[in-house]
Amino acid sequence: SWMSGELINLIDGYLGARWQHQPADESGWTTVHEVPDEELWRIHEQNRRRLIIWTRRQLRQHMEARGNNPDQLATAADALDPNALTIGFARRFATYKRGDLLLSGADRLRALLNNERRPVQLLLAGKAHPADSAGKDIIRQIVQFAQEHDMMRRIVFIENYIINVARYLVQGCDVWLNTPRRGMEASGTSGMKAALNGVLNCSVLDGWWDEAYASELGWAVGRGETYADVESQDAIEANALYDLIEKQIIPLFYQRDEQGIPRQWVGRMKKCIATLTPEFNTNRMVRQYT
């Protein structure tokens, strides 16, 4: 129910329909590697483009509801780039999830978002508990950063986070970001939903990613360290996250062949689907509970 329809049809064509009823049977999933890179990448680009178009529409509707002027409404039509590396972050805005971790390196973030040659963009969504003032303040900081630094074409906070919003995000992003303080993440099921669609995870080693992580499947922020001082932990892991994005994620995404396909990136997408889908699914959860 979280996979894009196009991806379901593609996998059906190579694996047959059995995977939908027996997803934990690992024997059939190796066939994913036989899917042509061109087909998988084309579908992923369609999903990203659909996410961007939908986000622009949502952004304009919310701006109209707030009574923004025509010049401000025009920014919604120009928001985001359908071809840019798109990093998604969507979850409950509790303080331990550190939705503002990237903002701690504002200069580096501006440099990433303003790079016209290898553009990066951020899509964020989520809600804070009505009584969680600190969580709501993180959302305010994100929105203010985008507005004050004229970054609305590269960073968008999507309002009213519901299941349909999540479905667009986990299908259309390139990277799924998760930055909790280690030891506080219960599971991180949104990352599993993204992985079903070949979206690569970049996360602290906590929750499901502590079990699932392998270097060929995505990226880990840190090596599972624990810290006594929270401020030092945030600074160290923010720096580690920026290093990953700048030195590994961006170069891999924009390393294209003569056909414009990032072969190594697509290879990781296939490994992600083939390895994680049979291991992290609701069938396993029900089986283990039983």
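Keep in mind it's a predicted model, so treat the numbers as computed, not measured.
Taking the ring centre of Tyr96 as origin, the terminal cationic atom of Arg92 falls outside the region bounded by 6.0 Å and 45° from the ring axis.
Nearest heavy atoms, Ala240 versus Val221: CB-CG1, 4.3 Å. Between Arg287 and Ala24, the shortest heavy-atom contact is NH1-CB, 3.8 Å. The minimum heavy-atom distance between Trp19 and Trp29, with the atom names listed, is CE3-CH2, 3.5 Å. Listed here is the closest heavy atom pair of Glu26 and Pro278: CG-CB, 3.8 Å.
Trp208 is listed as a side-chain neighbour of Leu276, based on a closest heavy-atom distance under 4.5 Å. Side-chain contact between Phe253 and Val175 is absent, with no heavy atoms from C-beta onward closer than 4.5 Å. No side-chain heavy atom of Trp176 sits under 4.5 Å from any side-chain heavy atom of Ile87. Using a 4.5 Å heavy-atom threshold, the side chains of Asp234 and Glu231 count as separate.
Cluster membership for Leu101 and Phe145, using ILVMFWY side-chain heavy atoms within less than 4.5 angstrom, is shared. Met192 and Met3 are not part of a single hydrophobic cluster, where members link through side-chain heavy atoms under 4.5 Å apart. Two different hydrophobic clusters hold Tyr242 and Leu205 under the rule that ILVMFWY side chains link at heavy-atom gaps under 4.5 Å. Cluster annotation: Leu80 and Leu177 are assigned to the same hydrophobic cluster (Ile/Leu/Val/Met/Phe/Trp/Tyr, side-chain heavy-atom contacts under 4.5 Å, transitive).
With values rounded to the nearest 0.5 angstrom, Ser4 atom OG is found 10.5 Å from Leu196 atom CG. Residue Trp265 holds its CH2 atom at 6.0 Å from CD1 of Ile249, rounded to the nearest 0.5 Å. Taking CD1 from Ile155 and CD from Gln147, the interatomic distance works out to 11.0 Å, rounded to the nearest 0.5 Å. Taking CD from Glu159 and CG from Leu124, the interatomic distance works out to 12.5 Å, rounded to the nearest 0.5 Å. Considering CG of Leu200 and CZ of Arg268, their distance stands at 7.0 Å, rounded to 0.5 Å. Atom CH2 of Trp209 sits about 9.0 Å away from atom SG of Cys202, to the nearest 0.5 Å.
Distance alone, capped at 3.5 Å, places no donor-acceptor pair between the Asn115 side chain and the Pro119 backbone.
Put simply, the residue from Arg50, Glu45, Arg49 that forms a side chain to side chain donor-acceptor pair (under 3.5 Å) with Asn47 is Arg50.
One side chain, Asp174 or His44, offers a donor N or O that lies under 3.5 Å from an acceptor on the other.
More than 12 heavy atoms of other residues, nucleotides or ligands lie within 6.0 Å of CZ in Arg66, so this atom counts as buried by the packing criterion. For Gln141, the CD atom is densely surrounded, since the number of other residues' heavy atoms within 6.0 Å is greater than 12.
Arg182 has no carboxylate O lying under 4.0 Å from a charged side-chain N of Asp206, or vice versa, which leaves the two without a salt bridge. For Asp243 and Arg108, the salt-bridge test passes: some basic side-chain N is under 4.0 Å from an acidic carboxylate O.
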Pair Phe93, Tyr161 - check ring pair (Phe, Tyr, Trp, His ring centres under 6.0 Å), show working. CA-CA 11 Å; Phe93 269 77; Tyr161 185 48; 8.8 Å; no

